[in-house]
Colleague: 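Quick one: the structure is below, questions incoming.
Below, read A as the first sequence line, B as the second, and so on, with proteins coming before strands; counting in each chain starts at 1.
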Protein chains: 2
Amino acid sequence: MTLNIASSDFLPTRRQGEVLDAALQLLVEDGDRLTMSAVAREASCSKETLYKWFGDREGLLTAIVKWQASKVGMPRVEPDKLNAQSLRKSIESFGRNLLSVLSGDISVALNRVAISHAGTDRSGLGRIVLENGRFAMGQRLKPVLEAGRDAGLLGFEDAEGAFCTFFGLLVRDTQIRLLLGDDLVLGKQAIEREAARATEQFISLYGT
Amino acid sequence: MTLNIASSDFLPTRRQGEVLDAALQLLVEDGDRLTMSAVAREASCSKETLYKWFGDREGLLTAIVKWQASKVGMPRVEPDKLNAQSLRKSIESFGRNLLSVLSGDISVALNRVAISHAGTDRSGLGRIVLENGRFAMGQRLKPVLEAGRDAGLLGFEDAEGAFCTFFGLLVRDTQIRLLLGDDLVLGKQAIEREAARATEQFISLYGT
DNA sequence: GCCGTACCGTAACGTACGGTACGGTGAGGA
DNA sequence: TCCTCACCGTACCGTACGTTACGGTACGGC
């Protein structure tokens, strides 16, 4: 019986986690060209086991994405004392986190494979990546923004739109360039600089 | 002898253009799953001709991208009388154009296939898409921005960064969501609204 | 008329890879 | 000791598709 990977309460065993780690590494290296045989070889498991656990190739890819999503902790920002200073620091910290995740090898690889499958895809890889990436991020920052609004520090109609704008100010063309293979190196320093700039601009636009 | 598709002076004949149009349509419909047989069938040409003209599958994909790039006219904006009003209208018009192109089926399909091939790609599809998309756009808007700066209407250090910010304000998460298959419908009205908002915010940030 | 060129349509080849089958091995349990 | 179970390794199957080969047609030049 195939594991119901689609269910949200998917808890891989230790061994399954090892296999998924190996598969993820291959996915980062080879992209969508990873083969079931290569995964089996790398993870020292049999193809039969792969198919037993994950159903088919699509199921394996889906499991990889969910596995990674379960591992990466979303940046949780909760300013204790809300004032202009702490709000700015919260937003900027969130931005640093988001940008460093989005520009990482793993995020790029997962987005690439999900995009490759979008359009002709019944497993909904793109949807999963969106839910665990872009949308989850919005859910994390929006409370902060709304708290800032309630405290009279920010002004906006809908938090969704405000987050979208912050996302745009932060990411700009970085993600699409990385996805397209542009050799853009985003060091720690550059990430901090970009997050600071985006925060500055965001508060300039939405601050009261 | 294979045509040197890589050269910038690639001028397809009328017949070749028809074949590339058919291939482009298939690419939009089927994405990267398009096959040489399907192209030959749809274009009513022989596979032998495809290989003679384009070398191999990669060459065909490259030719499709270049063909589309040669067809789409970049929005050229040149405000004759430069004042705050005309500058704003120029930027906003450019934004409308850019957003409607980026959210179109063809752009999404081409970006998807280029992203699929990025990382393990000898033909540099991603580079070509970047050159003819994102970078070409920057080259078009930057003179306008610099003219605005010279006229004392805008203030920024480097035009590249300013364009990046406008790009981010305009596109936000639209492109990545479309690439990931999110069923986002961006009508004419929404495009105009977004372009107006982005322009407003950009001038608010960079206006003097 | 004959040749070369360019092209169409189709058949065929080779291979990579998803998916399956099967024998072998080690652990736990009666 | 024997059975069962989960798993590994590997050989195998079927198919899709990139690529090549080849026969046939139209046409322009000599």
Side-chain angles (χ1 to χ4, degrees), chain A residues 1-5 10-27 29-65 112-113 116-117 119-123 125, chain B residues 1-5 10-27 29-65 112-113 116-117 119-123 125:
Chain A
M1 195 54 180
T2 299
L3 280 183
N4 187 5
I5 300 292
F10 163 53
L11 281 188
T13 66
R14 177 169 215 79
R15 177 73 181 122
Q16 287 173 337
E18 291 172 11
V19 171
L20 287 173
D21 279 331
L24 177 60
Q25 185 188 331
L26 275 182
L27 195 66
E29 290 168 7
D30 299 344
D32 206 6
R33 301 192 320 174
L34 112 160
T35 68
M36 300 298 277
S37 301
V39 172
R41 192 182 330 118
E42 202 68 17
S44 293
C45 74
S46 73
K47 288 211 289 179
E48 190 177 31
T49 301
L50 288 183
Y51 284 99
K52 184 177 176 185
W53 284 349
F54 306 110
D56 57 5
R57 188 172 184 276
E58 290 273 329
L60 174 60
L61 292 177
T62 307
I64 295 174
V65 172
R112 276 194 187 142
V113 64
S116 306
H117 288 210
T120 57
D121 186 23
R122 62 223 160 276
S123 68
L125 263 187
Chain B
M1 194 59 171
T2 299
L3 279 183
N4 186 4
I5 300 292
F10 162 54
L11 281 188
T13 66
R14 176 171 213 80
R15 177 72 181 122
Q16 287 172 336
E18 291 171 11
V19 171
L20 287 173
D21 279 332
L24 176 61
Q25 184 187 332
L26 276 182
L27 195 66
E29 291 168 6
D30 299 345
D32 206 5
R33 302 192 321 173
L34 113 158
T35 67
M36 300 297 277
S37 302
V39 172
R41 193 184 329 120
E42 201 68 17
S44 295
C45 74
S46 73
K47 290 209 275 180
E48 190 177 30
T49 300
L50 288 184
Y51 283 98
K52 185 177 177 185
W53 284 350
F54 307 110
D56 56 5
R57 188 172 183 276
E58 289 274 328
L60 174 61
L61 291 176
T62 307
I64 295 174
V65 171
R112 275 193 187 143
V113 63
S116 307
H117 289 208
T120 57
D121 188 22
R122 207 68 217 102
S123 66
L125 263 185

Colleague: Say whether, by atom type as modelled, one donor and one acceptor occur between the side chain of A:E29 and the main chain of A:L26 under 3.5 angstrom.
Modeller: no

Colleague: A:V19 and A:F54: which non-hydrogen atoms are nearest, and at how many Å?
Modeller: CG1-CE1, 4.3 Å

Colleague: In whole angstrom, what separates A:L61's CG from C:dC17's C1'?
Modeller: 14 Å

Colleague: In B/S/- notation, 5' to 3', how is nucleotides 5-13 of chain D contacted by protein heavy atoms closer than 4.0 Å?
Modeller: --SBB----

Colleague: For residues 38-47 of chain A, which side-chain donor-acceptor pairs fall under 3.5 Å, sequence neighbours excluded?
Modeller:
residue, atom, partner, partner atom, Å
A:S46, OG, A:T49, N, 3.1
A:S46, OG, A:T49, OG1, 2.9
A:K47, NZ, A:S37, OG, 3.4

Colleague: If I compare all heavy atoms of B:D30 with all of A:T120, which pair ends up nearest, and what's the gap?
Modeller: O-CG2, 4.3 Å

Colleague: With sequence neighbours excluded, what pairs up with A:D21 under the side chain to side chain donor-acceptor pair (under 3.5 Å) test?
Modeller: A:W67, A:K71

Colleague: Output a table of nitrogen or oxygen pairs between the protein and nucleotides 24-26 of chain D separated by less than 3.5 Å.
Modeller:
none

Colleague: Between D:dA16 atom P and B:L34 atom CG, what is the distance in whole Å?
Modeller: 17 Å

Colleague: When the distance from CE of B:M36 to P of C:dT10 is rounded to whole Å, what number comes out?
Modeller: 17 Å

Colleague: What is the separation between atom OH on B:Y51 and atom C1' on C:dA12, rounded to the nearest whole Å?
Modeller: 14 Å

Colleague: Between atom CG in B:L26 and atom P in D:dC17, what is the gap in whole Å?
Modeller: 13 Å

Colleague: Would you please name every residue forming a side chain to side chain donor-acceptor pair (under 3.5 Å) with A:R33, sequence neighbours left out?
Modeller: none

Colleague: Just the rounded figure in Å: distance from C1' of C:dG18 to CG of A:D32.
Modeller: 13 Å

Colleague: What's the CZ-P distance between A:R33 and D:dG18, to the nearest Å?
Modeller: 15 Å

Colleague: Whole angstroms only, please: what is the CG-P distance between A:D30 and C:dC17?
Modeller: 10 Å

Colleague: What residues form a side chain to side chain donor-acceptor pair (under 3.5 Å) with B:E58, not counting sequence neighbours?
Modeller: B:H117, B:S123

Colleague: For the residue pair A:M36 and A:L60, what are the closest heavy atoms and their distance?
Modeller: SD-CD2, 3.8 Å

Colleague: Only counting residues at least two apart or in another chain, list the ones meeting salt bridge (charged side-chain N to carboxylate O under 4.0 Å, His left out) with A:E18.
Modeller: A:R15

